[in-house]
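Heads up: the structure comes next, in structure tokens.
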Amino acid sequence: MTLDHDAHHSPTTPWQRVSSKWIGLFGLSWLGIWLAQLAPFQLTLPNQINDWLDIGTNVDESNWKQSVLTFGVVSGISAAFALVAFPLTGSLSDRTTSRYGRRRPWIVGGTALFAAGLIALGFSDNIIAITIGWCATLTGFSAVSAALTALISDQVPVFQRGVVSSWVSAPQAIGVIIGIALVSAFGLGFLPSYALFAVLLIACVAPFVLYLNDPPNPRHDKGRISIRAVVSELWISPREHPDFGWTLLGRVLVNLGNALGTSLLFFFLKFGIHSTDADSDILLVTAVYMVFVVISALVSGKLSDVVGRRKPFVLAAGVSQGAAAVCIAVVANLPMTMVAAALLGAGFGAFLGVDQALATQVLPDAEHNGQDLGIMNIAMAVPQALGPLVGAAIVEATGGFTGLFVASAIFGILGGVSVLLVRSVR
């Protein structure tokens with residue numbers, strides 16, 4: 001069954017099925033990307049900030065808020081760079097006429113900056129250097145992500161986009177577990193950890209770059225690049241393109257809800273339910289969450305292609321995330337946290353597995369895929385980066401974690417509901 005969206009709105013819409021090898025190498029690229037972005041975000045970057053604060057692993061009632069706020073500020077500053085880098089590099093890739101292709105140079109360049117930022121972090125010993133290093137890392141991440149997601153619209157037919165999009169998201173869980181496990185198992189310091197992430201990033205992306213058939217784009221009709229041109233292109237009127245607007249809003253809300261539900265989980269376990277072994281419990285809860293993310297992303301992506309519908313999966317994802325947060329808010333203990341982790345993982349996995357496919361079907365102009373998906377990707381990366389800062393502010397304002405999870409539930413449910421207003425995709 002095919003999707004009822006008008007797949008022939010442009011002569012450039014792909015129709016030829018991509019191969020299993022293409023999908024496999026594409027997924028391998030994302031494994032390296034997520035490993036190199038999420039493992040530092042979850043483990044080495046917070047520890048590095050704690051080390052600079054002279055907290056180390058001795059985070060207690062008196063200093064955990066300082067740790068969270070500092071981490072949130074660093075992450076928030078990097079979010080501003082992602083806010084610019086995603087659409088800017090997408091727009092530049094649309095204009096690229098290199099003989100090496102339109103997207104490939106940006107995949108290579110983004111990966112190089114990504115890896116260089118990680119190495120720089122390994123040598124950073126003060127908060128300014130750490131912030132600069134993480135901003136460079138996230139800028140490189142944004143560039144390579146924008147180019148890779150643009151390839152879905154460039155080369156993947158609509159009836160395959162659910163499956164391919166699920167291989168953007170499913171490697172998140174696998175990548176972060178591999179990265180954290182390697183660093184923990186070998187007791188690596190900051191520089192060896194970041195160097196390992198950089199090497200694995202390049203090793204995972206390189207095979208797809210070498211295999212990719214990215215024909216040169218000899219011309220484009222977008223005019224010369226300028227600040228005014230880029231700023232004007234960043235604005236896509238929700239009145240003229242309501243489906244794009246509703247999809248963008250849904251993505252912002254669901255990702256912010258997920259970030260609020262996960263970014264301060266360690267502190268919730270340690271200070272919310274007073275776990276006696278928060279280090280072990282966070283690994284257990286994260287493993288449950290990640291397993292459900294992977295399974296749900298792959299299943300929902302495949303099913304959405306088979307049944308020809310996207311919206312029911314995104315709606316269910318938002319409701320599931322909301323239910324997870326409500327569970328923790330109502331009953332705050334470890335068993336309920338495990339149940340909530342499963343619900344949150346299942347919901348976010350279903351969202352990730354389908355939302356990228358849905359996003360490619362509501363783009364205003366097929367000739368500007370890189371730019372438009374760059375804008376759409378802001379709604380995924382920036383809320384995740386802002387999550388620790390927003391979450392810390394909510395905890396500080398309410399004096400506890402209940403308000404945090406209530407906010408997470410509200411954002412998740414509203415994000416799922418907003419997708420119902422998309423008209424051109426079922």
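Along the sequence shown, the residues carry numbers beginning at 1. A quick note: this is a predicted structure, and the numbers were derived from the prediction, not measured. Heavy atoms only: backbone and side chains are in, while hydrogens, waters and symmetry mates are out.
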Atom pairs and distances, side-chain donor-acceptor, residues 24-35, under 3.5 Å, sequence neighbours left out:
unit_1	atom_1	unit_2	atom_2	d
S29	OG	L25	O	3.1
W34	NE1	V168	O	2.6

### Side-chain donor or acceptor of N47 paired with backbone N/O of L43 under 3.5 Å
yes
### Query
Quick one: are Q172 and F348 in side-chain contact, heavy atoms under 4.5 Å?
yes
### Query
Taking it one step at a time, do T247 and F244 satisfy side chain to side chain contact (heavy atoms under 4.5 Å, CB included)?
CA-CA 5 Å; T247 303; F244 185 89; 5.9 Å; no
### Query
Can any side-chain N or O of S153 pair as donor or acceptor with the backbone N or O of T149 at less than 3.5 Å?
no
### Query
Measuring from F351:CZ to S320:OG, what's the distance to the nearest 0.5 Å?
13.0 Å
### Query
Got L151 and V156 here, is their nearest side-chain heavy-atom distance under 4.5 Å?
no
### Query
From I394 CD1 over to T402 OG1, what is the distance, rounded to the nearest 0.5 angstrom?
12.0 Å
## Note on the structure
With sequence neighbours left out, the residues meeting side chain to side chain contact (heavy atoms under 4.5 Å, CB included) with L414 are L253, I410
### Interatomic spacing from CD in Q42 to CD1 in I177 - rounded to 0.5 Å
10.5 Å
### Task
Might you confirm whether atom CZ of F81 has over 12 heavy atoms from other residues, nucleotides or ligands at distances under 6.0 Å?
no
### Summary
Tightest non-hydrogen contact, residues L53 and S67, listed as CD1-CA, 3.9 Å
### Message
I need the minimum non-hydrogen distance between P388 and G72, along with the two atoms involved.
### Response
CB-CA, 4.0 Å
#### Entry: Residues that Q37 engages under side-chain hydrogen bond (donor to acceptor under 3.5 Å, both in side chains), provided they are two or more places apart
none
### Taking every non-hydrogen atom, the tightest pair across V382 and A82
CG2-CB, 4.3 Å
### Task
Any pair with a residue in residues 380-402 that passes salt bridge (charged side-chain N to carboxylate O under 4.0 Å, His left out), sequence neighbours left out, goes on the list, sorted by first then second residue, please.
K65-E396
## Note on the structure
Nearest heavy-atom approach of A39 to G179 is CB-CA, 3.9 Å
### Pairs flagged by ring pair (Phe, Tyr, Trp, His ring centres under 6.0 Å) wherever residues 401-423 is involved - sequence neighbours left out
W64-F401, F268-F401, F268-F405
### Task
Using side chain to side chain contact (heavy atoms under 4.5 Å, CB included) as the criterion, list what pairs up with S19, not counting sequence neighbours.
K21, W22, Y211
### Task
Would you confirm whether S184, through its side chain, and A181, through its main-chain N or O, come within 3.5 Å as a donor-acceptor pair?
no
### Task
Please name all residues satisfying side chain to side chain contact (heavy atoms under 4.5 Å, CB included) with T137, sequence neighbours left out, ordered by chain then number.
F114, L118, L121, W134
### Query
Which heavy-atom pair separates F190 from T44 by the least distance, and what is that distance?
CE2-O, 3.8 Å
When the side chains of residues 321-347 are checked against the rest of the protein, which donor-acceptor pairs come out under 3.5 Å, sequence neighbours left out?
unit_1	atom_1	unit_2	atom_2	d
Q321	NE2	V254	O	3.4
N333	OD1	M336	N	2.9
T337	OG1	N333	O	2.7

### Query
Distance from S300 atom OG to I295 atom CD1, nearest 0.5 Å?
11.5 Å
### Query
Do P312 and V354 come close enough that some side-chain heavy atom pair is under 4.5 Å?
no
### Counterpart residues, side-chain hydrogen bond (donor to acceptor under 3.5 Å, both in side chains), relative to W106 (two or more places apart)
T96
### Query
S418 side chain to G415 main-chain N or O, any donor-acceptor pair under 3.5 Å?
yes
### Task
Any chance you could lay out the side chain to side chain contact (heavy atoms under 4.5 Å, CB included) test for L182 and L188, step after step, and finish with the verdict?
CA-CA 8 Å; L182 287 172; L188 300 178; 5.6 Å; no
### Query
Is there any salt bridge (charged side-chain N to carboxylate O under 4.0 Å, His left out) pair reaching into residues 32-48, and which pairs are they, with sequence neighbours excluded?
none
### Task
Determine, step by step, whether V183 and F197 satisfy the side chain to side chain contact (heavy atoms under 4.5 Å, CB included) criterion, reporting the C-alpha distance in whole Å, the side-chain angles of both residues, the deciding distance to 0.1 Å, and the verdict.
CA-CA 10 Å; V183 170; F197 297 149; 3.5 Å; yes
### Query
Looking only at atom types and distance, does a side-chain atom of S124 sit under 3.5 Å from a main-chain N or O of N126, one as donor and one as acceptor?
no
### Query
How about F313 and V307: do any of their side-chain heavy atoms sit closer than 4.5 Å?
yes
### Query
Okay, side chain of R104, backbone of L212: is any donor-acceptor separation there less than 3.5 Å?
yes
### Query
Between K302 and L298, does a side chain to side chain contact (heavy atoms under 4.5 Å, CB included) hold up when you go through it step by step?
CA-CA 6 Å; K302 179 64 176 177; L298 295 177; over 6 Å; no
### Summary
Value for CG (N255) from CG (L386), rounded to nearest 0.5 Å, stands at 11.5 Å
### Query
Any ion pair linking D214 and R102 (charged N to carboxylate O, less than 4.0 Å)?
no
### Query
Which atom names give the shortest non-hydrogen contact between G117 and A136, and what distance separates them?
CA-CB, 4.1 Å
### Query
So do T131 and C135 actually touch side chain to side chain, heavy atoms under 4.5 Å?
yes
### Task
Answer yes or no: is there a side-chain heavy-atom contact under 4.5 Å between L45 and I130?
yes
### Task
Supply the atom-to-atom distance L92 CG to L88 CG, rounded to the nearest 0.5 angstrom.
4.5 Å
### side chain to side chain contact (heavy atoms under 4.5 Å, CB included) partners for A85, two or more places apart
T139, S142
Only pairs under 3.5 Å count here: list side-chain donor-acceptor contacts from residues 283-291, not counting sequence neighbours, and write none if there are none.
unit_1	atom_1	unit_2	atom_2	d
T286	OG1	I282	O	2.6
Y289	OH	N258	OD1	3.1
Y289	OH	N258	ND2	3.4

